Amino acid sequence: MNSDAIRLEEVQQPLQQPLRDDILALWEREQAVIPAIEERLAEVVAVAWSGDALAGVASTGVVQHPGIKQPLFFMRAMVGSDYRKQGLAYLLHRRVVEIMEDRFDRGEDTRAIGVYVEVERAHVQSLEEAFCSFSHVHSEQNRPVQFNLSGFTDDGFPQYIYYFEHASLIQQGPVIEPPSQRAELIEGAEIRFCLNELTSAQQQQIIGLWLTYGMLPDRDACLKRLPQVLAVALEHGAIIGVASAFTTELEDLRAKMLGYRTFVSPDAKGGFYGTKLLAMVMDELNRRAKTEPQLKDIQGVAIALQNENLNKNVTRPRGGDVGTSLVGYLGDRQLRVIYFDGATVKMQQPSEP
């Protein structure tokens, strides 16, 4: 489609009568089944024009998402039959997402903390796999607007969520924080990726760290976990932090993930080792995901916030530092994911042998 021929326009409520008439006429021509016409008209956010002809209309409602226990906007779009194969619905979707985030940031509409999408049957019913994430570049801010897989509908179609950049789980409306002033690693400190590369000396240091702080009950438990170590943080050659992961199935996402764990010595001061470990591990795993045998068929990393203080204090549904995305809860603990680039999941569960 020649996008230059299409004009996308944000609309304000209440609708002017000429536009209202055009929308009703489009719905009638396309035989749209809309139970509550007046309610839907009041939810119209954007329209698309082709010259003087109304080519499409988009509206938003609010749904309380049961998995994340938060309200989300969802979009409905109706595109004229002449434009359905030309990508107009996707252009409307992108525009509406940005409109709703702008309104949220200005405090004009804070009913929800992000946008929820159920992919239409027509788009995916013939596909064997679904992408774990999809994104577009913000039209003004030059940053990715990324939707992450959050589950499947009862009839097997993927659901995605995009959280607004300034959304909070505990406060309504935007939360604007000053730019992060994360401390740099202190002199003599480093983060080192070491999957399958631990020396005997490093193994003994890690075992000592885990046992000293009661992270594992005994040496046998430590020996079983050592093969799962991904990275270490060091100060002057001494290991003061360990990142490890185990393979786990997230059935609601139909995904095989690495369950990520990290421990940093309470004696380590400053440096934000936990965040730096996760950031480096994700960069390295993402780089190796297509070639490392151990990462074959792994879609990404899952993190359950088991630490009570961390679970309480992480209040952004989308992590700013590393990009974690809330997909639900394990009991009362947040479950967050980061997908590898290009990761996909099967559209249908494999049949039992």
Side-chain angles (χ1 to χ4, degrees), residues 179-248 257-289 292 294-295 298 300-314 316 318-325 333-341:
S180 176
Q181 300 295 324
R182 295 295 194 191
E184 296 298 326
L185 290 178
I186 66 172
E187 185 178 353
E190 66 173 309
I191 304 294
R192 184 182 301 169
F193 192 81
C194 54
L195 178 64
N196 301 325
E197 297 174 358
L198 288 175
T199 66
S200 296
Q202 289 173 333
Q203 292 180 24
Q204 295 309 310
Q205 282 196 59
I206 292 172
I207 290 172
L209 183 67
W210 282 338
L211 293 179
T212 297
Y213 292 99
M215 293 305 298
L216 290 172
D218 52 44
R219 185 176 180 83
D220 286 343
C222 294
L223 291 172
K224 290 179 181 179
R225 185 170 293 188
L226 279 175
Q228 300 175 351
V229 171
L230 297 172
V232 293
L234 305 98
E235 284 186 0
H236 303 288
I239 295 175
I240 51 87
V242 183
S244 63
F246 59 96
T247 303
T248 185
M257 307 288 282
L258 292 179
Y260 182 83
R261 296 173 296 214
T262 186
F263 172 72
V264 176
S265 167
D267 297 330
K269 304 298 182 183
F272 293 89
Y273 288 106
T275 297
K276 288 181 169 60
L277 274 167
L278 177 57
M280 190 274 284
V281 164
M282 277 306 307
D283 285 345
E284 192 66 25
L285 291 178
N286 199 40
R287 186 177 68 84
R288 299 183 182 208
E292 186 75 37
Q294 288 179 254
L295 300 177
I298 300 292
V301 168
I303 307 167
L305 302 187
Q306 298 290 357
N307 181 283
E308 185 174 354
N309 287 332
L310 186 63
N311 188 65
K312 179 180 179 180
N313 292 324
V314 176
R316 295 298 184 92
R318 175 164 61 93
D321 288 321
V322 187
T324 62
S325 180
R333 303 304 192 201
Q334 295 182 38
L335 176 63
R336 292 169 171 262
V337 299
I338 314 172
Y339 294 113
F340 296 144
D341 293 343

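Owing to the predicted nature of the structure, the values given are computational and were not obtained by experimental measurement. Quick note: residue numbers are just sequence positions, from 1.
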**Q** Would you compute the distance between atom NZ of K276 and atom CD of E190 and round it to the nearest 0.5 angstrom?
**A** 14.0 Å
**Q** To the nearest 0.5 angstrom, please state how far the OG1 atom of T262 sits from the CD1 atom of I303.
**A** 9.5 Å
**Q** Tell me the closest heavy-atom pair linking M280 and R192, and the distance in Å.
**A**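 Smallest heavy-atom distance, with atoms named: CE-C, 3.5 Å.
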**Q** When you measure from the side chain of N313 to the backbone N and O of N309, does any donor-acceptor pair fall under 3.5 Å?
**A** yes
**Q** Nearest 0.5 angstrom please: Q203 CD to L198 CG, how far?
**A** 5.5 Å
**Q** In Å and rounded to the nearest 0.5 Å, what is the CG to CZ distance from L278 to R336?
**A** 11.0 Å
**Q** Quick check: closest heavy atoms across A268 and I240, and the distance to 0.1 Å?
**A**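 In this case the closest contact between A268 and I240 is CB-CD1, 4.0 Å.
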**Q** Do you know the tightest heavy-atom contact between G241 and L277?
**A**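 Taking every non-hydrogen atom into account, C-CD1, 4.2 Å.
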**Q** Show the nearest heavy-atom pair for residues Q202 and E197, with the distance to one decimal.
**A** OE1-O, 3.9 Å
**Q** How long is the span from the CG atom in L285 to the OH atom in Y260, to the nearest 0.5 Å?
**A**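 Nearest 0.5 Å value for the CG-OH distance: 9.0 Å.
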**Q** Could you tell me the separation between the CD atom of Q228 and the CG atom of L258, rounded to the nearest 0.5 Å?
**A**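 One finds 10.0 Å between CD of Q228 and CG of L258.
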**Q** Which pair of non-hydrogen atoms, one from V229 and one from W210, has the smallest distance, and what is that distance?
**A** CG2-CH2, 3.9 Å
**Q** Could you walk me through whether R287 and F193 satisfy the side-chain contact (heavy atoms from CB on, under 4.5 Å) test, starting with their C-alpha distance in whole Å, then the side-chain angles of each, then the deciding distance to 0.1 Å, before giving a yes or no?
**A** CA-CA 12 Å; R287 186 177 68 84; F193 192 81; over 6 Å; no
**Q** Given I207 and L216, is the side-chain contact (heavy atoms from CB on, under 4.5 Å) satisfied, shown in steps?
**A** CA-CA 9 Å; I207 290 172; L216 290 172; over 6 Å; no
**Q** Which is it for T324 and Q334 under the side-chain contact (heavy atoms from CB on, under 4.5 Å) test, yes or no, and what are the steps along the way?
**A** CA-CA 11 Å; T324 62; Q334 295 182 38; over 6 Å; no
**Q** Please confirm whether the backbone N or O of D341 pairs with a side-chain atom of N286, one donor and one acceptor, at under 3.5 Å?
**A** yes
**Q** For R225 and M215, what are the C-alpha separation, side-chain angles and deciding distance, and is it a side-chain contact (heavy atoms from CB on, under 4.5 Å)?
**A** CA-CA 11 Å; R225 185 170 293 188; M215 293 305 298; 5.7 Å; no
**Q** Of all heavy-atom pairs between Q205 and G237, which one has the smallest distance, and what is that distance?
**A** NE2-O, 3.7 Å
